[in-house]
Colleague: 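Dropping the structure in here first, questions after.
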Amino acid sequence: MTTADPYRDLLKTIAESISREFSQSLGTDVPSDLIVRVIEEPPLRKFGDLGIPVPRLSKELGLKFQEVAASVEAGLRNVNVISKVTRVGPYVDAFIDAEKYASKVLESLKELSENYGVPRVEEPQKIVVEYVSANPVHPLHIGSGRNAAIGDFIYRILSMAGHNVERRYYVDDMGLQVAYLAYGYLKLGRPNPPEGMKPDKYYGLIYAAAATIVDLLEAKKKVEALKEKGGHEYSDALRELDSLMGDLARIRERIPEEVDELIEEISKDEDPRASIATLMRNYEFGNEEAQVMREVSEKVMEGIKETLTRLGINMDVWDWESDLVREGLVRKVLEEARKSQYFTIHRGVPALDFKELLKDKDLRRRLRIPEGLEIPPLILVRSDGTTLYTTRDIAYTLKKFREAQAKKVYNVIAIEQTLPQAQLRLALYALGHKFEAENTIHYSYEMVNLVGASMAGRRGRYVTVDDLLDQMKERILDIMSERGSRSEDIAEKMARSAFRYMMLSTSPNKTLVFDVSKALNIRQASGPYIQYTYARAKAVLTKAGGVPWNKLEFKGAGKGLRRELIWLLGKFPHVMKRVLESLRPEDLVAYMNKVADTFNTWYGAEPIAKEVDEGLRALKLAITYGVSVVLANSMKALGMDVLERV
RNA sequence: GGGCCCGUAGCCUAGCCAGGAUAGGGCGCCGGCCUUCUAAGCCGGUGGUCCGGGGUUCAAAUCCCCGCGGGCCCGCCA
């Protein structure tokens with residue numbers, strides 16, 4: 001009989017055997033789950049393949065060390081696939097019979113072939129993943145790139161496991177930022193991008209210019225007002241002005257005419273901020289002339305979509321925020337809110353106050369409201385009658401659940417939005433949408449910063465995904481040229497895979513300090529390294545004409561790195577299952593690296609296809625095949641391109 | 001001021017939630033290996049006050065307390 005998960009089965013068999021031993025010799029009932037939990041892998045292979053720290057069990061069970069050690073040892077000896085059991089200090093260690101275990105792993109691999117390790121959920125669900133959702137005011141920068149890579153990974157692994165996943169991008173075209181862009185766009189007479197420049201790049205510069213000029217004019221006034229007064233307030237204002245001038249100068253280098261014209265035009269405006277607020281108000285209330293916000297957003301989105309396509313990311317649905325308003329969904333939310341017992345007038349404007357709700361500790365837990373996080377009332381409507389982002393997000397969340405008939409909604413959103421996301425869940429609950437409140441999951445990730453500076457879209461300070469992909473591609477093409485195998489298409493795919501690898505290799509809850517020169521260093525522990533290793537394994541298999549499964553002999557399976565590789569291959573289904581549950585891409589990346597490293601070392605150490613012994617050759621090819629399958633499936637889950645040749 | 005996250009070699013990072021063996025990797029740097037299956041590779045060398053101080057424990061990178069350093073949030077922005 002073959003198994004879908006050799007490693008897990010091994011742990012279960014061992015745990016059950018030990019559990020039986022406990023009840024037989026000590027009359028103690030020990031659940032095998034508990035034993036599975038304490039089984040660990042020794043830091044060095046020479047200690048064994050698996051080990052059990054006896055004190056952990058004896059403490060937990062309240063039994064004497066010697067008794068526990070003896071039972072564990074006896075239990076392990078009764079397992080057929082274990083060849084040796086030793087006692088080292090507080091540990092009982094077990095060695096796996098590599099030949100027997102290899103037969104289990106390779107049989108499973110043979111039967112499941114390409115599907116080996118792909119997790120299958122028992123109850124597929126309809127799930128929505130909302131990701132990227134970058135504001136349509138500038139190109140995707142590496143921060144949104146991190147979001148894109150993470151969101152797409154979630155989509156891919158959930159889909160692989162059998163869930164029905166819908167990908168959505170929320171276009172926030174009603175926000176203040178689009179209003180700034182539209183303001184600048186109008187002042188320049190609705191210009192089109194110059195020949196050859198992507199719209200997102202061009203309008204991103206206009207957005208930054210407009211925002212910076214507005215801030216700069218205000219900073220100037222402030223400096224003048226403080227001139228008489230002097231002191232540190234004055235010098236602070238001066239420094240602020242200086243920094244804005246620096247930013248504007250940098251933007252001006254890119255679009256000098258536009259910047260000059262904007263300075264002139266915006267200076268004529270008595271109150272630019274009021275004009276921008278008017279634009280927003282008109283847009284929300286359906287005034288035709290404010291459609292310029294939609295117009296310019298659409299242009300920027302063209303560029304963003306192009307970048308996403310380059311990254312290999314496709315969305316199922318593009319949701320326009322303004323459509324929610326047109327459809328009356330936002331109004332409906334406001335009506336519900338007014339009827340809610342949590343409705344209040346906070347500083348003169350409509351709001352939801354969660355004070356009472358938050359007293360319920362159990363609710364806090366169910367809605368995953370971070371411990372100790374203070375939640376101020378959620379203001380729903382500005383004093384000029386326009387709504388706020390989170391208000392519209394309530395409507396949007398309900399729409400996502402309703403349209404997709406979703407059981408769960410993942411929002412991939414930066415960690416800085418923890419508070420509004422918590423308010424969103426509370427608001428859903430307060431409005432009576434308990435199911436939606438409990439099943440809206442904020443998948444947060446940390447910021448991406450640049451080596452020297454912080455990123456700021458408003459100031460035009462960012463590294464774009466496009467530029468980074470271009471540079472990575474250049475670097476890859478250089479290497480290809482050296483090797484005499486230049487291919488634009490493959491280079492493009494390697495570049496985007498390298499990008500995804502980079503974004504997924506560190507834990508999402510760790511700040512990423514981004515360094516372009518490091519991102520371009522394509523060696524070990526990189527996307528290309530994995531793709532290269534995979535192609536290498538495939539090349540061996542192709543030359544050998546596939547795996548001669550009928551010739552397969554297991555007797556060489558215990559030697560050196562072959563043993564190690566079989567061990568790793570056996571673990572793959574277990575690793576995938578864990579990654580599916582935790583949604584932590586970095587664990588899969590680490591596993592993938594380990595497999596690639598071990599395979600490459602082995603590849604250098606002994607011949608595979610050229611092995612003369614027939615049975616051993618078949619074994620080696622089967623292992624190589626296993627490596628190709630686990631690397632391919634890992635890459636698929638991570639959204640990397642699986643290339644047969646590089 | 002309050003809250004959340006992070007701190008492991010020159011740099012990046014795993015391990016921390018569920019304490020257990022000599023803290024795993026990678027980059028960089030130095031030296032070697034292309035007439036054998038893809039050298040984007042392999043082999044060897046180099047490098048650690050696990051931020052600091054206490055505590056709990058047979059055992060602490062891991063748990064607790066007090067600090068220090070960095071990031072983020074605490075807006076009628078998103």
Colleague: Using a heavy-atom cut-off of 4.0 Å across all strands, would you classify A/D393 as base, sugar-phosphate, or nothing?
Modeller: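 It contacts nothing in the nucleic acid.
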Colleague: A/I476 near the nucleic acid: base, sugar-phosphate alone, or nothing, with a heavy-atom cut-off under 4.0 Å?
Modeller: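 If one applies the 4.0 Å heavy-atom cut-off, A/I476 turns out to touch a base.
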Colleague: How far does OG of A/S485 sit from CG of A/L477, to the nearest 0.5 angstrom?
Modeller: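 The distance works out to 10.0 Å.
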Colleague: With sugar-phosphate meaning primed atoms plus P, OP1 and OP2, does A/S507 contact a base, only sugar-phosphate, or nothing at under 4.0 Å between heavy atoms?
Modeller: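 It contacts sugar-phosphate atoms only.
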Colleague: Is A/N449 close enough to B/rG71 that one of its side-chain N or O atoms is under 4.0 Å from OP1 or OP2 there?
Modeller: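 It does not, given that no N or O in the side chain of A/N449 lies less than 4.0 Å from OP1 or OP2 of B/rG71.
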Colleague: Under 4.0 Å between a side-chain N/O of A/K510 and OP1 or OP2 of B/rG7, yes or no?
Modeller: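 Checking A/K510 against B/rG7: at least one side-chain N or O falls below 4.0 Å of OP1 or OP2.
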Colleague: At under 4.0 Å between heavy atoms, what does A/A539 touch on the DNA or RNA strands: base, sugar-phosphate, or nothing?
Modeller: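 Answer is base: heavy atoms of A/A539 come under 4.0 Å of a base.
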Colleague: For A/R392, answer base if it contacts any base atom (sugar-phosphate contacts may also be present), sugar-phosphate if it contacts only those atoms, and nothing otherwise; contact means non-hydrogen atoms under 4.0 Å.
Modeller: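 Sugar-phosphate contact only.
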Colleague: Base, sugar-phosphate, or nothing: which does A/R523 touch, judged by heavy atoms less than 4.0 Å apart?
Modeller: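 Answer is sugar-phosphate: A/R523 comes under 4.0 Å of backbone atoms only.
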Colleague: Any N or O donor-acceptor pair linking the side chain of A/T418 to the base of B/rC4 at under 3.5 Å?
Modeller: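 Checked by distance alone, the answer is no.
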Colleague: Across the strands shown, which category fits A/R584 at heavy-atom distances under 4.0 angstrom: base, sugar-phosphate, nothing?
Modeller: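 Sugar-phosphate contact only - A/R584 comes under 4.0 Å of backbone atoms but never of a base.
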Colleague: Need one value for A/E374: base, sugar-phosphate or nothing, where a base atom within 4.0 Å counts as base even if backbone is also close, heavy atoms only.
Modeller: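 Contact class for A/E374: sugar-phosphate only.
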Colleague: Between A/K594 and B/rG26, is there a side-chain N or O to OP1/OP2 distance below 4.0 Å?
Modeller: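 Answer is no, no contact under 4.0 Å.
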Colleague: Under 4.0 angstrom, heavy atoms only, what part of the nucleic acid is A/P420 near: base, sugar-phosphate, or nothing?
Modeller: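 The answer is base, as A/P420 lies within the cut-off (heavy atoms under 4.0 Å) of a base atom.
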Colleague: Classify the nucleic acid contact of A/V646 as base, sugar-phosphate or nothing, counting any heavy atom under 4.0 Å across all strands shown.
Modeller: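 The residue A/V646 makes base contact.
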Colleague: Cut-off 3.5 Å, side chains only: do A/Y170 and A/E321 have a donor facing an acceptor?
Modeller: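 Indeed, the side chains of A/Y170 and A/E321 share at least one donor-acceptor pair under 3.5 Å.
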Colleague: Whole angstroms only, please: what is the CD-P distance between A/Q524 and B/rC11?
Modeller: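 It works out to 21 Å between those atoms.
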Colleague: At 4.0 Å (heavy atoms only), tell me whether A/Q421 reaches a base, stays on the sugar-phosphate, or touches nothing.
Modeller: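 Nothing, no nucleic acid heavy atom in range.
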Colleague: Using a 4.0 Å heavy-atom cut-off, does A/A609 contact any base of the nucleic acid, only the sugar-phosphate backbone, or nothing at all?
Modeller: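 Answer is base: heavy atoms of A/A609 come under 4.0 Å of a base.
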